[in-house]
Asks: 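My structure is below; once you've seen it, I'll send some questions.
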Amino acid sequence: MTKDLAQSREAEEAAEAERQNRAMEEGAAVSDSLPDGGVVSAKDGTSVYCLTIIGQIEGHYLLGEGQKATKYEHIIPRLVAIEESEEIDGMLMVLNTMGGDVEAGLAIAEMVASMSKPTVSLVLGGGHSIGVPLAVSARRSLIVPSATMTVHPVRISGTVVGVPQTYYYFNRMQERILDFICAHSGATEETMRELLLRTDQIATDVGSILEGREAVSVGLIDRVGGLSDALEELRAMIREGRGAKGQGPET
């Protein structure tokens, strides 16, 4: 009787182990087809990937516990997978970010800007600091009326060496950001510098806070709109691209 009970337990454990292995394999397959942090939505013969940029952009240093973060080392391979996938026609990038690491943010923005597939960005809540280049990196950018975008000079935490080279380094980094923003939006360099150096809007800082319609009026964002508008823009770009290639709609 004891031997039969032991064999029964062994059989149950083996069956449970097999179920766990199968679940892990299925989970891995889903993870490979749908990269983490995004959702693929298919409609009207088009497949759209939704990429979210939320919280703070984490770069070379880990953020503290309890902080919502977007890790650039996770986003970059996702973008490569989206660009290479034959099943994805375009990407919707949804932003609600306070900013973060400058080099990490610019790295993501440059990759989005260099994608061949149609891309649309949608700013919800906020697209602050390095979130501004991210918002303008897509081919078309939208912002909801209640969202805000903060434009301010580059800053750094930690030890700062009080020599002219430090200012030169800051200035060159700022120029890189301004060049990218102006190259991928309708905002002029003159306007951006004016917004960057305002002293009457932020109590403890220099810069500007732009609400949704203000961001559009200065040329930073293309238009005011919400989720349905962003998806409509993206799918129109996909259909236009297929038309240029002589491809009909999929069934």
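Every heavy atom of this structure was used, including side-chain atoms; hydrogens, water molecules and symmetry mates were not.
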Asks: Any donor-acceptor pair under 3.5 Å linking the side chain of H128 with the backbone of T150?
Replies: yes
Asks: Spell out, yes or no, whether V123 and L210 are grouped together once hydrophobic residues are joined by side-chain heavy atoms under 4.5 Å, including indirect joins.
Replies: yes
Asks: Restricting to side chain to side chain contact (heavy atoms under 4.5 Å, CB included), what partner residues turn up for L63, sequence neighbours left out?
Replies: Q56, E58, Q67, A69
Asks: Only one of T119, V94, I75, L92 passes side chain to side chain contact (heavy atoms under 4.5 Å, CB included) with L51; say which it is.
Replies: I75
Asks: Tell me whether R193 is salt-bridged to E175, with the criterion being a basic N under 4.0 Å from an acidic carboxylate O.
Replies: yes
Asks: Taking ring-ring contact (aromatic ring centres under 6.0 Å, His included) as the definition, give me every residue that meets it alongside H152, ordered by chain and number, with sequence neighbours left out.
Replies: none
Asks: Identify the two heavy atoms, one from Q201 and one from S208, that lie closest to each other, and give their separation to 0.1 Å.
Replies: OE1-CA, 3.3 Å
Asks: Salt bridge check: are D205 and R155 linked by an N-O gap of less than 4.0 Å?
Replies: yes
Asks: Using the side chain to side chain donor-acceptor pair (under 3.5 Å) criterion, which residues pair with S85? Sequence neighbours excluded.
Replies: none
Asks: Can you see which heavy atom on I177 is nearest to which on V154, and at what distance?
Replies: CD1-CG2, 3.7 Å
Asks: Whether D89 and R235 form a salt bridge (side-chain N of Lys/Arg under 4.0 Å from carboxylate O of Asp/Glu) is what I want to check.
Replies: no
Asks: What are the two closest non-hydrogen atoms of A109 and S137, and how far apart are they?
Replies: O-CB, 3.3 Å
Asks: More than 12 non-hydrogen atoms from neighbouring residues, nucleotides or ligands closer than 6.0 Å to CD on E240, yes or no?
Replies: no
Asks: Which atoms form the tightest heavy-atom contact between G59 and A104, and what is the distance?
Replies: CA-CB, 3.8 Å
